[in-house]
**Student:** 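Got a structure for you, written out below as structure tokens; questions coming shortly.
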Amino acid sequence: MIGRICTRNFSSKAGKKVGFMGLGNMGFSMMRNCMSHGYEITAYDVDNKVMEKAEELGAKIAPDVKAAATDQDFCLTMLPNTDIVEQTRLGSNGIFENAREGSYIIDSSTISPIASRKMAEEGEKLGFKIADAPVSGGVTGAAAGTLTFMVGCKKDYYEEIEVFLKSMGSNIFHCGAPGTGQTSKICNNLMLAIEMIAVSEGIALGEKLGIDPAVLSKICSTSTSSCWSLNSYNPRPGILEGVPSSNNYEGGFGVSLVKKDLSIVLDSAAEVNLDLQFGTKAIEFYHELERQGKGKKDFGVVYQYIKSLEKK
Ligand code: NAD
């Protein structure tokens, strides 16, 4: 980690101030990486336990959004959904009421591209530099500082945003105007949500037919079914170390968050009159897991559900 930080040149950015809101499975690690690159963090989350952990790490703690947003160079949100991001930005005592004119207001949560574009229009009118910058790479990428960021913002200030985001990620893409980052992200997550189901079906079938799932996974990882859900995030416990499936599906990408993303996908598809049949089927799996009380478990738990299904 130290080697990685030292090889990058971020010294000119040291001392810049960041209001970081949302310190969950992703946000906490992102905040830590941001801090290691010399940014001064003021952190806010509704959960006091994560606030205590952030304070132990050296972050300043804010009692509310107002305190987190006031007098920052960057305000970054990493929150669960569209409503909460809207409330945090537009609500009374929110970011738009309190941030410094000319500051960067960046959202890395996965939310509706349409809502994201509207908020950008509103924020730009108030003199802020707004970007949607959702991420891919999961909790492992957040911890390692190797996230992919998909940025939607005006060209004029992409460069400075890129330098900031490099403290948390290794692949930063400018997708186009505000909202296009979220569009890239929901298309990625549509593919991912279906891919995880496909990998789970393949491994469940192989296991039931008697092949060692570790052997099958190794073979498939160099075959045409090779993909992230299989190679880097295998949903079958005991195949990969350090992934949620080997930790009772704790601490990863929650089922409810995947379901939320698929809802955004299907709403966006409806806007452009597109019938996404696999996406429509995939949301049923995650809906069922949520119904079973597994909304907070990592989405790889879909493997356990698929393994339990019997043909009627
Ligand atoms: P999480 O549920 O672990 O964390 C969300 C955090 O936001 C929690 O700490 C919660 O207490 C806090 N929060 C909720 N309401 C708040 C409010 N009003 N003000 C301040 N803090 C508030 O979620 P996560 O897994 O960290 O994901 C965050 C976002 O990133 C989501 O939009 C998700 O879809 C997206 N995402 C997640 C992953 C993943 O693998 N977990 C990957 C890519 C993108």
Side-chain angles (χ1 to χ4, degrees), residues 19-33 42-54 59 61-69 75-95 106-113 115-116 132-144 146-150 165 168-169 171 181-182 184-193 196 228-229 232-233 235 242-245 247 249-265 286 290 295-301:
F20 209 116
M21 293 161 246
L23 310 168
N25 290 332
M26 297 291 290
F28 193 87
S29 299
M30 290 164 68
M31 179 205 66
R32 189 177 45 215
N33 287 329
T42 303
Y44 174 66
D45 193 292
V46 287
D47 180 346
N48 286 331
K49 274 196 206 128
V50 292
M51 292 276 276
E52 279 165 24
K53 273 172 55 192
I61 296 304
D64 49 30
V65 175
K66 180 178 176 178
C75 285
L76 185 87
T77 43
M78 192 54 175
L79 296 164
N81 58 43
T82 307
D83 285 351
I84 296 176
V85 174
E86 282 181 338
Q87 202 186 313
T88 305
R89 277 182 166 181
L90 314 176
S92 90
N93 278 326
I95 298 176
I106 303 172
D107 179 40
S108 285
S109 332
T110 306
I111 67 163
S112 151
S116 191
D132 44 304
V135 300
S136 181
V139 288
T140 43
T146 56
L147 290 169
T148 293
F149 281 88
M150 308 166 205
L165 297 179
M168 298 169 274
N171 297 301
Q182 293 295 352
S184 309
K185 173 62 185 172
I186 60 161
C187 295
N188 177 77
N189 278 24
L190 166 65
M191 298 183 224
L192 174 67
M196 183 57 90
W228 184 83
S229 302
S232 307
Y233 210 80
V243 294
S245 61
N247 183 30
Y249 300 99
E250 299 294 338
F253 185 19
V255 164
S256 297
L257 291 178
V258 178
K259 199 191 119 190
K260 177 254 315 184
D261 292 356
L262 284 171
S263 299
I264 299 172
V265 162
Y286 299 109
E290 203 177 47
K296 291 212 157 129
K297 291 280 184 188
D298 178 75
F299 77 132
V301 76

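For ligands, and for the atoms within them, numbers begin at 1 and follow the listed sequence. Computed from a predicted model, the values in this text were never measured in an experiment. The chain is numbered in sequence order, starting from 1. Hydrogens, waters and symmetry mates are skipped; everything else that's a heavy atom, side chains included, is used.
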**Student:** Measuring from Leu79:CG to Glu86:CD, what's the distance to the nearest 0.5 Å?
**Tutor:** 12.0 Å
**Student:** Partners of Phe149 by ring pair (Phe, Tyr, Trp, His ring centres under 6.0 Å), sequence neighbours excluded?
**Tutor:** none
**Student:** For Tyr286, check ring pair (Phe, Tyr, Trp, His ring centres under 6.0 Å) against everything at least two apart and list the hits.
**Tutor:**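 Counting only residues at least two positions away or on another chain, Tyr286 forms no ring pair (Phe, Tyr, Trp, His ring centres under 6.0 Å).
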**Student:** Could you check Leu76 against Met31 for side chain to side chain contact (heavy atoms under 4.5 Å, CB included), going step by step and ending with a plain yes or no?
**Tutor:** CA-CA 9 Å; Leu76 185 87; Met31 179 205 66; over 6 Å; no
**Student:** Students often mix this up, so state it plainly: with edges at 30° and 60°, are the rings of Phe299 and Tyr233 parallel, tilted or perpendicular?
**Tutor:**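 Geometry flag for Tyr233 against Phe299: tilted rings.
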**Student:** Check ligand 1 for N or O atoms under 3.5 Å from a protein N or O and list each pair with its distance.
**Tutor:**
residue  : atom   : partner : partner atom : Å
ligand 1 : 3 (O)  : Asn25   : N            : 2.9
ligand 1 : 3 (O)  : Asn25   : ND2          : 3.4
ligand 1 : 9 (O)  : Gly24   : N            : 3.4
ligand 1 : 9 (O)  : Asp45   : OD1          : 3.4
ligand 1 : 9 (O)  : Asp45   : OD2          : 2.7
ligand 1 : 11 (O) : Asp45   : OD1          : 2.6
ligand 1 : 26 (O) : Asn25   : N            : 3.3
ligand 1 : 26 (O) : Met26   : N            : 2.9
ligand 1 : 32 (O) : Leu79   : O            : 2.8
ligand 1 : 32 (O) : Pro80   : O            : 3.2
ligand 1 : 32 (O) : Thr110  : N            : 3.0
ligand 1 : 32 (O) : Lys260  : NZ           : 3.1
ligand 1 : 34 (O) : Lys260  : NZ           : 2.9
ligand 1 : 41 (N) : Gly252  : O            : 3.3

**Student:** Could you pull out all residues at least two apart from Glu290 that satisfy side chain to side chain donor-acceptor pair (under 3.5 Å)?
**Tutor:** Ser256, Lys259
